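Bear in mind the structure is a predicted one, so any value in this text is a computation, not a measurement. Heavy atoms only: backbone and side chains are in, while hydrogens, waters and symmetry mates are out. Proteins come first, then strands; the chains are lettered A, B, ... in the order of their sequence lines, and each starts at number 1.
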Amino acid sequence: MPDPTPREPSDDEGRVELSAPATPEMMQMVHAVLEQLWSNHEDVAMADRIRFETAVIEILGNIVEHAYRLEPGESERRFDVSLSATEAALVASFGDDGMPVSIDLSDVTMPDEDAESGRGLALAMAAVDELSYDRASGRNHWRLTCVRQPG
Amino acid sequence: MPDPTPREPSDDEGRVELSAPATPEMMQMVHAVLEQLWSNHEDVAMADRIRFETAVIEILGNIVEHAYRLEPGESERRFDVSLSATEAALVASFGDDGMPVSIDLSDVTMPDEDAESGRGLALAMAAVDELSYDRASGRNHWRLTCVRQPG
Amino acid sequence: MIEFAVDTTPEGVGVVTPKGRLNMSSARGLKDILDGLVAEGTSRIVVDLGETTFLDSSGLGALIAGLKSARQAGGDLRVARPTEAVTTVFKLTNLDRVLRPRDSVEGAFDA
Amino acid sequence: MIEFAVDTTPEGVGVVTPKGRLNMSSARGLKDILDGLVAEGTSRIVVDLGETTFLDSSGLGALIAGLKSARQAGGDLRVARPTEAVTTVFKLTNLDRVLRPRDSVEGAFDA
Ligand SMILES: Nc1ncnc2c1ncn2[C@@H]1O[C@H](COP(=O)(O)OP(=O)(O)O)[C@@H](O)[C@H]1O
Ligand SMILES: Nc1ncnc2c1ncn2[C@@H]1O[C@H](COP(=O)(O)OP(=O)(O)O)[C@@H](O)[C@H]1O
């Protein structure tokens, strides 16, 4: 019988990490990487793929759009993301060097029906089972977890 | 007039880095990442794309096939690759934790017409303008450079 | 990445079909097309989502903006044939009532 | 990733069309198909490379292996309609003489 206790960090095996400029073009890159990931993990249910990809793209979109540099320097803004699919879960963890984000995730709510923006974080939170943000070593860290549906 | 002197390391801007398990499936991942890279750099000539992609896939194929661990441990074998396209050149640089490679690249020659294997490194070398290998900090490093054709 | 097919039915209904991913990069394109249709007097619009492989909050924003301007002009915007990715996002954002998916483009204005 | 179409012409020539990337993962599949054709008596073979978007040294190895077994069985293996990626690799490996590309599948055994 499979062990029901959460697995250890060695679960990170198989992960794919990407580091790239924080530009809109890189959203297609992440879509392409996810597409390959799914083709290597055909057992991941379509519903899980969809909610994971939705949240990943929302968080990345926010980094691209909002995570400005503290000091606008010479060098480009970049992000990195680690993507992994284990039997138990799909996990994405983002890092970026933008300014600290002053949002309390527990305050995030879905805007009204007629709002034309402001749904990104609420959608990401609704899509996955866990979304966390923290600031460490001068970087923003976002972590998303989708607990997988039983096959 | 464009400055003809080689550019500085800040040329690395725009690079895309990937880190993943050293498995055959990841070759498709790198093809997919290159496909995205080309769609962000439509000015790269088809001939340059082809020779670069050919060499990148040969080197990665060798890492997947030959770069066994020194001590077969528990953890998976991984590689990383940094891909960048500047106006002057296409550059790939690979790192892996496999055993040291005991090949003198200056000895590599194209095998006979009827050989069924052994063309990988010779093809990679013929495809790009520079191919170098070195061992540092317990890791193998391969670096490929394609000087771009004038647009 | 994305293409938009734009058509008008004999009944004067505008049909917009985004083919590909409706996201941060392509949402503006959809918004411009919807605004253009309303501006030229086509305020009954169906967005055919049968070939929309991905939808994010920016794409949703463009649909809501289009819905509002169509209604202001006395018409409506309806969505048809959503893919699983689209349906999922409609549900997660509670927009599946205001953007109630129709089974077909032809029948989208029947009820 | 890759698909192989396998056909036999009325003249008894086997035609194999790899669709996609001919690389480390797919070279074995090509080799098996070529060996199978020769084993069942089809030793005149055309590999139609018109849909081969990428070729690496493993794919080349499979072509050379097929060429050798076809010739040993009294036939030949010819390649037709190479894409730019394929032509480039043939040239870089000096195999463009032994694998001289033909313009068409039909005419591949004409000369
Ligand atoms: N990565 C980020 N860095 C900085 N600010 C952010 C980030 N993500 C979100 N925000 C802030 O949170 C707000 C809400 O984000 P979101 O829910 O995605 O909606 P929208 O992006 O449509 O405004 C944004 O307007 C922005 O001010
Ligand atoms: N990354 C690598 N790590 C260890 N050994 C390697 C590596 N790349 C190549 N080699 C060695 O060099 C030889 C020649 O490689 P190559 O020219 O690619 O041909 P092939 O892979 O078809 O044998 C291999 O057989 C292997 O012994």
Side-chain angles (χ1 to χ4, degrees), chain B residues 21-35 37-39 44-67 79 90 108-129 131 144 146 149, chain D residues 1-3 18-32 34-35 38 47 49 51-73 76-79 82-101:
Chain B
T23 57
E25 297 82 49
M26 289 303 148
M27 309 198 53
Q28 301 293 342
M29 182 70 82
V30 172
H31 277 299
V33 167
L34 285 173
E35 198 171 309
L37 202 70
W38 305 144
S39 84
V44 178
M46 187 54 71
D48 290 337
R49 296 179 191 199
I50 290 172
R51 60 203 192 92
F52 186 66
E53 190 150 350
T54 298
V56 161
I57 292 297
E58 288 297 339
I59 296 301
L60 178 58
N62 278 344
I63 293 171
V64 168
E65 261 198 336
H66 301 298
F79 74 96
L90 308 175
V108 171
T109 52
M110 193 63 72
D112 284 350
E113 280 180 353
D114 61 351
E116 292 175 27
S117 68
R119 283 189 187 86
L121 280 172
L123 171 55
M125 288 177 71
V128 297
D129 297 288
L131 171 65
L144 309 173
C146 265
Q149 286 182 356
Chain D
M1 321 279 179
I2 197 155
E3 269 175 62
K19 303 178 181 184
R21 298 184 185 117
L22 208 45
N23 58 19
M24 220 173 81
S25 311
S26 53
R28 166 136 301 268
L30 176 60
K31 192 172 181 311
D32 289 348
L34 298 176
D35 285 350
V38 173
V47 181
L49 296 168
E51 293 166 65
T52 302
T53 53
F54 183 82
L55 176 67
D56 76 357
S57 62
S58 324
L60 275 178
L63 289 173
I64 296 296
L67 176 73
K68 291 197 301 192
S69 59
R71 287 190 180 167
Q72 256 153 35
D76 201 4
L77 178 145
R78 301 197 170 168
V79 293
T83 56
E84 189 179 344
V86 169
T87 311
T88 302
V89 169
F90 282 178
K91 282 191 190 141
L92 290 172
T93 52
N94 307 320
L95 291 175
D96 46 351
R97 278 162 307 142
V98 58
L99 292 170
R100 181 159 63 87

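- For B:E113, the salt bridge (charged side-chain N to carboxylate O under 4.0 Å, His left out) partners two or more places apart in sequence, or in a different chain, are D:R97.
- In this structure, chain B has a heavy atom under 4.5 Å from the side chain of D:L95, while its backbone stays farther away.
- Across all their heavy atoms, B:M110 and D:T93 have their closest contact at CE-CA, 3.6 Å.
- Residues D:S57 and B:E58 share a closest heavy-atom pair of N-OE2, 2.5 Å.
- Residue contact with chain D, scored on non-hydrogen atoms closer than 4.5 Å, involves the backbone and the side chain of B:E53 alike.
- The salt bridge (charged side-chain N to carboxylate O under 4.0 Å, His left out) test applied to D:K68 returns B:E116, not counting sequence neighbours.
- Side-chain contact between D:N23 and B:H31 is present, with heavy atoms from C-beta onward closer than 4.5 Å.
- Inspection of non-hydrogen atoms places B:L123, B:A126, B:A127 of residues 122-129 of chain B under 4.5 Å from chain D.
- Atom OG1 of D:T53 is separated from atom CD1 of B:I50 by 10.0 Å, given to the nearest 0.5 angstrom.
- Proximity to chain B (any heavy atom under 4.5 Å) is shown, for D:K91, by neither the backbone nor the side chain.
- Considering only heavy atoms from C-beta on, D:T88 stays 4.5 Å or farther from B:T54 through its side chain.
- Here the side chains of D:L92 and B:R119 are not in contact, with every heavy-atom distance at 4.5 Å or above.
- With sequence neighbours excluded, the residues that form a side-chain contact (heavy atoms from CB on, under 4.5 Å) with B:E35 are D:R21.
- The CE atom of D:M24 sits 7.5 Å away from the CG atom of B:L60 when rounded to the nearest 0.5 Å.
- Rounding to the nearest 0.5 Å places CD of B:Q28 at 10.0 Å from CZ of D:F54.
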